[in-house]
Every structure is written in structure tokens, then in C-alpha cells.
Amino acid sequence: MNRDPCRIGFVIVTHGALGEELLRVARYILGKGLENFRTVAVPFMGELQPPPAGVAPFADRRERIRTLLAAAMAEVDQGNGVMLLTDLVGGTSSNVAQEMTGGNRGAVVAGVNLPMLLKAASLDTASVADAVADLVRRSRNAIQPLPGKKA
């Protein structure tokens, strides 16, 4: 991957293959590879292979998610930090992501969707904090009620 010191990395963290499909469609629409994006598919408890051993299966799952996130973050971190885009506030993936983004290392934005990815792909900043502020502002502006409907 080319290292561009002006870009931050993005990791899309979702249950199942949702993140990979969102990224696939974003790449198609934008016509580019989005090399500073990765996905992490959070496994459902019944999908874990090998199955968790011992008496703490949820702790084992959290550790697996942490390992996947750490690897994806390392791949896209160009020295300016990483924004983790999660699917569900309060879900295990979002909670683990919050634990991993302390200090200036990164930030978590929940509610990932296709418009958010398209906007994230156009961000051009070396600051995670600036990128989060810009992405949240743009996302808010993109939420519009239908004509004739009250918000």
C-alpha cells in the first residue's frame, strides 16, 4: 500500500459481511480501490471457529474481535490514526472499538452506511478529530426529510 502522510485510515467494523459489501459498493461507485479502508466482520457466537473453549465464550469473542481490529488498524494506519466506522452503538464491536482508540490514535463513529463511506473516502485531512467532525457534519447535512414531511 502506498503511504500517504496526509491521509487517515478507516476500518469498517460490522456484524457479518455488511462492511465488506458496503466497501465493495463504495469502490464500485467511486471507481477506485480505497486502499486506506479495511473491514472487520464481527463473527456471531455460533460462527466462531474453533468454538470458544472454557467458561468465558464472550470474553474469547471479544479477544478475537480485538485481534482482528488491531491487524486491520495496523494495515491502514499511515501515522495519522484510524477512524473506526461501526454498525451498532453499544454492540460488542463498537465497545471493543472504543477500547482500542484511546488518545489521538483513533476515533469511533457508529451507524456506518453507504453515504457515510462515500463521504469518508473524500476526506483529506491528517487529523482524526478533524475527519470525525467533518464526517459527522456532512452526515447530518445529508439527512433530509422528504418534501412535505415533518422531521
Side-chain angles (χ1 to χ4, degrees), residues 1-50 52 56-144:
M1 173 174 68
N2 292 334
R3 298 273 178 189
D4 179 353
C6 296
R7 301 285 294 179
I8 62 171
F10 294 90
V11 178
I12 305 162
V13 188
T14 62
H15 292 82
L18 177 61
E20 187 58 41
E21 286 302 307
L22 285 170
L23 185 56
R24 184 178 69 80
V25 173
R27 286 175 171 150
Y28 175 80
I29 290 171
L30 296 172
K32 57 184 179 178
L34 302 177
E35 287 81 17
N36 59 326
F37 283 75
R38 293 293 181 277
T39 63
V40 170
V42 174
F44 300 107
M45 286 300 293
E47 296 175 336
L48 292 176
Q49 293 301 322
F58 291 100
D60 183 52
R61 179 174 177 251
R62 285 180 72 88
E63 190 55 38
R64 291 184 195 196
I65 295 167
R66 178 180 289 282
T67 300
L68 293 170
L69 277 175
M73 290 172 74
E75 284 183 31
V76 297
D77 191 350
Q78 299 175 19
N80 295 312
V82 178
M83 187 185 307
L84 302 178
L85 305 172
T86 68
D87 58 354
L88 185 64
V89 174
T92 303
S93 55
S94 183
N95 293 338
V96 174
Q98 287 285 352
E99 295 167 8
M100 297 186 68
T101 56
N104 292 330
R105 184 159 187 243
V108 178
V109 175
V112 68
N113 57 55
L114 184 57
M116 184 185 288
L117 285 185
L118 298 175
K119 291 178 187 324
S122 71
L123 294 174
D124 190 20
T125 180
S127 162
V128 172
D130 289 345
V132 168
D134 193 16
L135 186 61
V136 169
R137 179 188 53 77
R138 289 179 182 201
S139 295
R140 267 195 201 117
N141 291 340
I143 299 171
Q144 300 291 323

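Basis for what follows: all heavy atoms, side chains included, without hydrogens, waters or symmetry-related copies.
Ala26 and Leu34 get closest at one heavy-atom pair: CB-CD1, 4.1 Å. Taking every heavy atom of both residues into account, Leu123 and Ala131 meet most closely at CD1-O, 3.7 Å. Taking all atoms of both residues into account, the shortest heavy-atom contact from Thr14 to Val112 is CG2-CG1, 3.9 Å. When all heavy atoms of Ala41 and Gly16 are compared, the pair lying nearest together is CB-O, 3.2 Å. When all heavy atoms of Ala72 and Val40 are compared, the pair lying nearest together is CB-CG2, 3.7 Å. Heavy-atom minimum distance, Ala107 versus Val132: CB-CG2, 3.5 Å.
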Item to check | Chi angles and distances behind the side chain to side chain contact (heavy atoms under 4.5 Å, CB included) call for Thr86, Val109 | outcome: CA-CA 6 Å; Thr86 68; Val109 175; over 6 Å; no
Checklist entry - Given the rule in the side chain to side chain contact (heavy atoms under 4.5 Å, CB included) test, do Met116 and Arg138 qualify, once you have shown the distances and angles that lead to the verdict? => result CA-CA 8 Å; Met116 184 185 288; Arg138 289 179 182 201; over 6 Å; no
Item to check | Check against side chain to side chain contact (heavy atoms under 4.5 Å, CB included), Arg38 and Met73 | outcome: CA-CA 8 Å; Arg38 293 293 181 277; Met73 290 172 74; over 6 Å; no
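Exactly one residue among Val82, Val108, Val128 makes a side chain to side chain contact (heavy atoms under 4.5 Å, CB included) with Thr101. That residue is Val108. Exactly one of Leu85, Ile12, Leu114, Leu18 qualifies for a side chain to side chain contact (heavy atoms under 4.5 Å, CB included) with Leu23. That residue is Ile12.
The distance from the CG atom of Asp130 to the CG atom of Asp134 is 8.5 Å, given to the nearest 0.5 Å. The line from CZ of Phe10 to CG of Leu135 is 7.0 Å long, rounded to the nearest 0.5 Å. Note that the CE atom of Met100 and the CG atom of Asn95 stand 13.5 Å from one another [nearest 0.5 Å]. Between Phe37 atom CZ and Glu75 atom CD the span is 14.5 Å, to the nearest 0.5 Å. Between atom OG1 of residue Thr92 and atom CZ of residue Arg64 there is a gap of 13.5 Å, rounded to the nearest 0.5 Å. The OG atom of Ser93 sits 13.0 Å away from atom CZ of Arg66, with the distance rounded to the nearest 0.5 Å.
Formation of a donor-acceptor pair under 3.5 Å by the Asn113 side chain with backbone atoms of Gly111 is found in this model. Side chain of Ser94 to backbone of Gly91: no donor-acceptor contact under 3.5 angstrom is found. No donor-acceptor distance shorter than 3.5 angstrom exists from the side chain of Asn80 to the backbone of Ile8, with no hydrogens or angles considered.
For Asp87, the salt bridge (charged side-chain N to carboxylate O under 4.0 Å, His left out) criterion is met by no residue, not counting sequence neighbours.
Applying the side chain to side chain donor-acceptor pair (under 3.5 Å) rule to pairs touching residues 17-27 yields Glu20-Thr39, Glu21-Arg24, sequence neighbours excluded.
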